[in-house]
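These notes concern the structure reproduced below.
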Amino acid sequence: MSHCYYHALSSVRRWGGKPEDYLALHQWFDESKKIVADPRHRALRHHAEGIFLLETVFGVTIRNSDDRDIPVRLIGEQHVVEDLGRIPSFADWARLIQPMPWILRGNPAGSAACEMSRDTC
């Protein structure tokens with residue numbers, strides 16, 4: 001989905017209420033667009049740990065305007081699955097990062113990080 005409002009409409013279809021009930025949660029996932037304005041922004045929060053962080057920030061449940069308590073984790077799962085088709089781990093994202101020399105600085109030669117880089121440390 002391209003906009004948080006459409007995620008919020010999807011939440012309304014699932015759990016009732018109004019889009020405004022869910023908008024802040026979906027905006028939280030996409031705040032990283034401020035720093036990377038393309039789909040790579042999703043690496044920051046669109047994963048299992050990000051969903052649990054959402055729950056830490058917003059609480060275990062929210063009460064929608066239909067007076068129903070909705071688990072925040074389910075809303076987070078909905079957002080990530082709608083964007084990615086599945087819920088990756090952070091490790092799935094990290095495997096895509098190509099370590100550069102400045103990232104590896106301070107790691108002794110032969111360490112796992114140096115092995116990943118395929119460069120000399």
Side-chain angles (χ1 to χ4, degrees):
M1 296 197 160
S2 60
H3 195 279
C4 296
Y5 183 74
Y6 298 115
H7 284 291
L9 288 176
S10 181
S11 295
V12 169
R13 285 191 293 276
R14 282 187 191 196
W15 297 294
K18 299 176 183 174
E20 296 77 23
D21 300 334
Y22 307 98
L23 199 54
L25 285 78
H26 294 298
Q27 288 172 329
W28 180 87
F29 270 106
D30 288 344
E31 281 181 352
S32 52
K33 287 180 181 179
K34 295 175 187 174
I35 55 175
V36 179
D38 65 40
R40 292 176 297 170
H41 84 90
R42 294 173 176 156
L44 189 63
R45 295 181 176 169
H46 285 62
H47 44 70
E49 204 258 338
I51 292 167
F52 278 85
L53 183 58
L54 179 77
E55 187 179 63
T56 300
V57 171
F58 288 92
V60 174
T61 63
I62 62 161
R63 180 158 293 182
N64 70 16
S65 56
D66 289 341
D67 208 32
R68 290 182 59 199
D69 290 327
I70 311 301
V72 165
R73 197 177 319 157
L74 295 181
I75 299 166
E77 290 172 357
Q78 169 221 327
H79 185 108
V80 173
V81 169
E82 286 176 350
D83 279 353
L84 302 178
R86 68 185 190 95
I87 299 171
S89 68
F90 177 75
D92 293 329
W93 284 103
R95 278 190 282 277
L96 300 174
I97 298 171
Q98 180 63 34
M100 303 300 291
W102 63 269
I103 294 172
L104 301 172
R105 187 169 182 226
N107 288 317
S111 71
C114 288
E115 296 293 324
M116 283 182 10
S117 74
R118 297 184 197 96
D119 294 329
T120 58
C121 291

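These figures come from a predicted structure and were not determined experimentally.
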message: Is the ring pair His46/Phe29 parallel, tilted or perpendicular, if the boundaries are 30 and 60 degrees?
response: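 Correct class here is perpendicular.
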Could you tell me whether a side-chain N or O of [X] sits under 3.5 Å from a main-chain N or O of [Y], the two making a donor and an acceptor?
| X | Y | answer |
| --- | --- | --- |
| Ser32 | Leu44 | no |
| Asn64 | Trp15 | yes |
| Ser10 | Tyr6 | no |

message: Holding to side-chain contact (heavy atoms from CB on, under 4.5 Å), I want the full list of residues that pass it with Asp67, two or more places apart in sequence or in another chain.
response: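 Once residues adjacent in sequence are excluded, the partners of Asp67 under the side-chain contact (heavy atoms from CB on, under 4.5 Å) criterion are Arg63.
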Results of side-chain contact (heavy atoms from CB on, under 4.5 Å) for Val81 - residues two or more places apart only: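 For Val81 the side-chain contact (heavy atoms from CB on, under 4.5 Å) partners, ignoring immediate neighbours, are Ile87.
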field: Verdict with reasoning, His41 to Lys34, per side chain to side chain contact (heavy atoms under 4.5 Å, CB included)
entry: CA-CA 8 Å; His41 84 90; Lys34 295 175 187 174; over 6 Å; no
query: Going by atom types only, do Glu82 and Gln78 share a side-chain donor-acceptor pair under 3.5 Å?
result: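 Yes.
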message: Is it true that His3 and His26 share a donor-acceptor pair across their side chains at a distance under 3.5 Å?
response: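 Looking only at side-chain atoms, His3 and His26 do not form any donor-acceptor pair under 3.5 Å.
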- prompt: How far does NZ of Lys33 sit from CZ of Arg42, to the nearest 0.5 angstrom?
  reply: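 So the gap between those two atoms works out to 7.0 Å.
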field: Pro19 to Tyr5 - nearest heavy-atom pair and separation
entry: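 So the minimum-distance heavy-atom pair works out to CB-CE1, 3.7 Å.
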query: What are the two closest heavy atoms between Trp93 and Pro88, and how far apart are they?
result: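 Where Trp93 meets Pro88 most closely, the heavy atoms are NE1-CG, 3.6 Å.
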query: Do other residues, nucleotides or ligands put more than 12 heavy atoms under 6.0 Å from the CZ atom of Arg14?
result: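 It does: Arg14 CZ has more than 12 such atoms within range.
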query: Applying salt bridge (Lys or Arg N to Asp or Glu O under 4.0 Å), which residue pairs with at least one partner in residues 90-102 are found, sequence neighbours left out?
result: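 Qualifying pairs, neighbours excluded: Arg86-Asp92, Asp92-Arg95.
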task: Write out all pairs satisfying salt bridge (Lys or Arg N to Asp or Glu O under 4.0 Å) with one or both partners inside residues 96-106, taking only residues at least two apart or from two chains.
output: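 For residues 96-106: none.
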query: Do the side chains of Ile35 and Trp28 join up, straight or via other hydrophobic residues, at under 4.5 Å, putting them in one cluster?
result: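 They do not share one cluster, since no chain of ILVMFWY contacts under 4.5 Å joins Ile35 to Trp28.
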task: Spell out, yes or no, whether Val72 and Leu74 are grouped together once hydrophobic residues are joined by side-chain heavy atoms under 4.5 Å, including indirect joins.
output: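 In one cluster with Val72: Leu74, yes.
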Do the non-hydrogen side-chain atoms of [X] and [Y] ever get within less than 4.5 Å of each other?
| X | Y | result |
| --- | --- | --- |
| Arg45 | Asp30 | no |
| His7 | Leu25 | no |
| Leu23 | Ser11 | no |

What donor-acceptor contacts under 3.5 angstrom involve side-chain atoms of residues 48-62, with partners at least two apart or in another chain?
residue : atom : partner : partner atom : Å
Glu55   : OE1  : Arg73   : NH2          : 3.3
Glu55   : OE2  : Arg73   : NH2          : 3.3
Thr56   : OG1  : Phe52   : O            : 3.2

- prompt: Does Arg68 have any salt bridge (Lys or Arg N to Asp or Glu O under 4.0 Å) partners at least two apart in sequence or in another chain, and if so, which?
  reply: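 Checked Arg68 against salt bridge (Lys or Arg N to Asp or Glu O under 4.0 Å); zero matches.
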